A.B. asks: 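First the structure, which I've put down as structure tokens, then a few questions once you've had a look.
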Amino acid sequence: AVALKAPFAAGYGITKTVTPIEAAVKGVCTRGDILRVHLYIDAQADMTCVVGNDRVPAGATILGSGLGRDSEAATTGEKPQDGVWPAFVERGFEGYRAYFDYLPKGKLSIEYTIRLNNAGTFGVPPTRVEALYAPSTYGVLPNANVVVQMPAAAKQPPKTMPKPPAMTEIKDRFIAL
């Protein structure tokens with residue numbers, strides 16, 4: 001496969017912004033940070049059966065499902081969709097998908113919130129909006145690599161463990177018993 005270098009719109013234009021909601025270090029993504037993802041979709045024509053698919057970094061959790069370790073407080077600032085509601089929203093471990101029965105011509109915005117759980121450098125596949133029964137009507141937006149660092153407190157060197165006794169000392173202990 002050829003890596004996508006620039007956005008491509010064949011019916012749907014996409015722009016994306018990511019805003020930190022809770023960040024341990026300003027300007028740096030660290031493990032445990034909560035981010036708000038905002039997708040702007042510009043539909044060129046009315047279409048039925050449309051899906052918006054936005055991938056997340058490996059190990060990130062999409063908040064708002066109501067399941068364990070979810071944060072209702074972190075999702076309170078999410079803005080509702082602009083007049084068009086998805087028929088179904090899928091918050092999987094790999095990404096956020098919003099399915100629309102009908103998507104009218106014009107601009108639409110979608111917001112969701114994620115928590116970064118793993119440190120590392122993550123390559124994220126492109127964001128894609130596609131008409132399911134008209135595959136020539138779609139839009140893709142490349143995503144940059146996401147670098148998630150450990151929080152500053154976790155970067156401290158580990159405490160040294162006491163040196164284990166030498167094998168001769170262990171043998172001496174058993175012989176003495």
Side-chain angles (χ1 to χ4, degrees), residues 1-23 29 31-118 120 122-148:
V2 178
L4 186 65
K5 301 288 183 199
F8 183 76
Y12 294 105
I14 309 167
T15 55
K16 178 179 178 177
T17 59
V18 179
T19 308
I21 301 300
E22 291 180 18
C29 288
R31 192 181 67 167
D33 285 359
I34 296 177
L35 308 174
R36 176 89 22 89
V37 179
H38 197 106
L39 297 174
Y40 300 95
I41 301 168
D42 186 10
Q44 300 303 313
D46 295 349
M47 190 63 66
T48 59
C49 299
V50 177
V51 64
N53 185 7
D54 191 29
R55 301 294 184 98
V56 297
T61 302
I62 300 173
L63 303 176
S65 65
L67 296 176
R69 301 200 53 91
D70 203 351
S71 173
E72 188 175 331
T75 61
T76 55
E78 288 182 8
K79 295 177 186 163
Q81 281 79 5
D82 300 331
V84 179
W85 290 89
F88 180 72
V89 173
E90 184 179 350
R91 293 174 175 90
F93 65 90
E94 78 287 351
Y96 178 91
R97 285 191 198 99
Y99 296 87
F100 297 90
D101 287 334
Y102 175 75
L103 196 62
K105 178 180 179 178
K107 298 184 186 296
L108 164 76
S109 63
I110 301 171
E111 268 190 359
Y112 66 94
T113 307
I114 65 172
R115 179 188 305 115
L116 302 172
N117 296 324
N118 293 341
F122 303 98
V124 181
T127 299
R128 185 174 180 91
V129 176
E130 179 177 16
L132 294 175
Y133 299 112
S136 60
T137 306
Y138 67 97
V140 289
L141 175 71
N143 288 313
N145 286 347
V146 178
V147 178
V148 181

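For reference, positions follow the sequence shown, starting with 1. It should be emphasised that the depicted structure is a prediction, and the values quoted were computed from it without experimental measurement. Excluded from the calculations below are hydrogen atoms, water molecules and symmetry mates; all remaining heavy atoms, backbone and side chain alike, are included.
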A.B. asks: Can you confirm whether Leu63 sits close enough to Arg115 that some side-chain heavy atom of one is under 4.5 Å from a side-chain heavy atom of the other?
C.D. replies: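 Of all side-chain heavy-atom pairs linking Arg115 with Leu63, at least one is under 4.5 Å.
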A.B. asks: Identify the heavy atoms of Ser109 and His38 that sit nearest to each other, and give their distance.
C.D. replies: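 For Ser109 and His38, the tightest heavy-atom pair comes out as CB-NE2, 3.3 Å.
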A.B. asks: To check you understand the geometry: which heavy-atom pair defines the closest contact between Tyr12 and Ala131, and what is its length?
C.D. replies: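 Where Tyr12 meets Ala131 most closely, the heavy atoms are CE1-N, 4.1 Å.
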A.B. asks: Which heavy-atom pair separates Asp46 from Lys105 by the least distance, and what is that distance?
C.D. replies: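 Heavy-atom minimum between the residues: OD1-N, 2.6 Å.
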A.B. asks: So Pro142 and Lys5, do their side chains get closer than 4.5 Å, heavy atoms only?
C.D. replies: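 SC-SC contact between Lys5 and Pro142 ruled out.
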A.B. asks: By side-chain contact (heavy atoms from CB on, under 4.5 Å), which residues pair with Leu141, not counting sequence neighbours?
C.D. replies: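 With neighbours one apart ignored, the set is Pro7, Ile14, Lys16, Thr127.
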A.B. asks: Rounded to the nearest 0.5 Å, how far does OH of Tyr138 lie from CZ of Arg128?
C.D. replies: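 So the CZ of Arg128 and the OH of Tyr138 are separated by 6.0 Å.
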A.B. asks: Taking side chain as C-beta onward, heavy atoms only, is Leu116 less than 4.5 Å from Pro57?
C.D. replies: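 Answer yes - side chains close enough.
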A.B. asks: What's the separation between atom CE in Met47 and atom CG in Leu132, rounded to the nearest 0.5 Å?
C.D. replies: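 So the gap between those two atoms works out to 10.5 Å.
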A.B. asks: Are any non-hydrogen side-chain atoms of Asp54 and Asn143 less than 4.5 angstrom apart?
C.D. replies: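 They are in side-chain contact.
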A.B. asks: Do you know the tightest heavy-atom contact between Leu35 and Cys29?
C.D. replies: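 Residues Leu35 and Cys29, closest heavy atoms: CD1-SG, 4.4 Å.
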A.B. asks: Under 4.5 Å between any side-chain heavy atoms of Tyr40 and Thr17, yes or no?
C.D. replies: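 Yes, side chains in contact.
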A.B. asks: What distance separates Leu108 CG from Trp85 CH2, expressed to the nearest 0.5 Å?
C.D. replies: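 Between atom CG of Leu108 and atom CH2 of Trp85 there are 11.0 Å.
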A.B. asks: Can you tell me how far CD of Glu90 sits from CG of Asn53, rounded to the nearest 0.5 angstrom?
C.D. replies: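 Going from CG on Asn53 over to CD on Glu90, the span is 8.5 Å.
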A.B. asks: Could you pull out the closest heavy-atom pair between Phe93 and Val56, with the gap in Å?
C.D. replies: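 Heavy atoms only, the tightest pair is O-CG2, 3.9 Å.
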A.B. asks: Identify, with sequence neighbours excluded, every residue that meets salt bridge (charged side-chain N to carboxylate O under 4.0 Å, His left out) alongside Arg55.
C.D. replies: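 Salt bridge (charged side-chain N to carboxylate O under 4.0 Å, His left out) check on Arg55 returns nothing, list empty.
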A.B. asks: Once the angle between the rings of Tyr112 and Tyr96 is folded into 0 to 90°, is it parallel (under 30°), tilted (30 to 60°) or perpendicular (over 60°)?
C.D. replies: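 The rings of Tyr112 and Tyr96 lie parallel, inter-plane angle below 30°.
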A.B. asks: Does a side-chain heavy-atom distance below 4.5 Å link Val148 with Asn118?
C.D. replies: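 No. Closest side-chain heavy atoms not under 4.5 Å.
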A.B. asks: Rounded at 0.5 Å granularity, tell me how far CD in Glu111 sits from OG1 in Thr19.
C.D. replies: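 Output value for this atom pair is 8.0 Å.
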A.B. asks: Specify the closest pair of heavy atoms between Tyr102 and Val84, including all atoms of both residues, with the distance to one decimal.
C.D. replies: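 Distance-wise, the nearest heavy atoms are O-CG1, 3.7 Å.
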A.B. asks: Kindly state each residue pair satisfying salt bridge (Lys or Arg N to Asp or Glu O under 4.0 Å) with at least one member in residues 134-147, sequence neighbours excluded.
C.D. replies: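 The answer is none; no pair qualifies.
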